[in-house]
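Have a look at the structure below before the remarks.
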Amino acid sequence: MNLSIIAALAYGILAVIGGIIGYIQANSQVSLFSGMISGLLLILAAYLQIQGLAWASILAVLVTLILVIFFALRLAKTRKFMPAGLMVILGMLALTLMVNQLVIGR
């Protein structure tokens, strides 16, 4: 299992947990829904990468990129590090690992 798969899986799990925490703390159904959808897409992409489907890497990169942009905008708006700043930093790390694997893996 390469670092790209681990990054997609870890960021996906983090997105699911974050959505659940957002729902519990702020009663935000939007957080729950978006966290579950994006997290499950990343977990699915990791699983499909393990199965050998090359397009799953692109799916993981796109979902992660969307999340990084969303959380960067949220950070700029709220100026609160948690959770937006943490998700931007971890998302950039995951994105770096994923893109690196795409470039080197070909």
Next item on the list: Measure the CG-CD1 distance between Asn2 and Ile50 for me, rounded to the nearest 0.5 Å.
Entry: 9.0 Å
Next item on the list: Measure across Ala8 and Gln49 and return the closest heavy-atom pair with its distance rounded to 0.1 Å.
Entry: CB-NE2, 4.2 Å
Notebook entry, point to check: Nearest 0.5 Å, what's the CG-CG distance between Leu41 and Leu48?
Noted result: 10.0 Å
Notebook entry, point to check: Does Leu53 share a hydrophobic cluster with Leu44, counting links as ILVMFWY side-chain heavy atoms below 4.5 Å and allowing steps through other members?
Noted result: yes
Could you tabulate the donor-acceptor pairs under 3.5 Å formed by side-chain atoms of residues 22-33, not counting sequence neighbours?
| from | atom 1 | to | atom 2 | distance (Å) |
| --- | --- | --- | --- | --- |
| Ser28 | OG | Ser31 | N | 3.1 |
| Ser28 | OG | Ser31 | OG | 3.0 |

Next item on the list: Look at the side-chain heavy atoms of Ile, Leu, Val, Met, Phe, Trp and Tyr, link any pair under 4.5 Å apart, and say whether Ile69 and Leu75 land in one connected group.
Entry: no
Margin query: Starting from Phe81, can I reach Val68 by hopping between I/L/V/M/F/W/Y residues whose side chains sit under 4.5 Å apart?
Written below: yes
Note to self: Are Ile43 and Ile21 connected into the same hydrophobic cluster when the rule is that any two of I, L, V, M, F, W, Y join if their side-chain heavy atoms are below 4.5 Å apart?
What the structure shows: yes
Next item on the list: Check Leu95 against Val61 and note the closest heavy-atom contact, atom names and distance.
Entry: CD1-O, 3.7 Å
Next item on the list: Give the intermediate values and the outcome of side chain to side chain contact (heavy atoms under 4.5 Å, CB included) for residues Thr78 and Arg74.
Entry: CA-CA 6 Å; Thr78 65; Arg74 174 68 54 97; 3.8 Å; yes
Item checked: Interatomic spacing from CE in Met36 to CD1 in Ile20 - rounded to 0.5 Å -> 4.5 Å
Check: Just how far is it from atom OG of Ser4 to atom CG of Leu102, taken to the nearest 0.5 Å?
Finding: 6.5 Å
Margin query: Once rounded to the nearest 0.5 Å, what's the spacing between atom CD1 of Ile58 and atom CG of Leu65?
Written below: 13.0 Å
Margin query: In this structure, would Ile89 and Leu67 fall into the same cluster of hydrophobic residues linked by side-chain contacts under 4.5 Å?
Written below: yes
Note to self: Within the structure provided, determine whether Leu42 and Leu9 are in side-chain contact (heavy-atom separation under 4.5 Å).
What the structure shows: no
Notebook entry, point to check: So which heavy atom on Ser34 is nearest to which on Ser38, and how close?
Noted result: O-OG, 2.7 Å
Next item on the list: Compare every heavy atom of Gly39 with every heavy atom of Val16, then report the nearest pair and how far apart it is.
Entry: CG2-CA, 3.7 Å
Item checked: From CD1 (Ile6) to CG (Leu97), nearest 0.5 Å -> 9.0 Å
Next item on the list: Indicate yes or no for a side-chain donor-acceptor contact from Tyr11 to the backbone of Met87 under 3.5 Å, with no hydrogens or angles considered.
Entry: yes
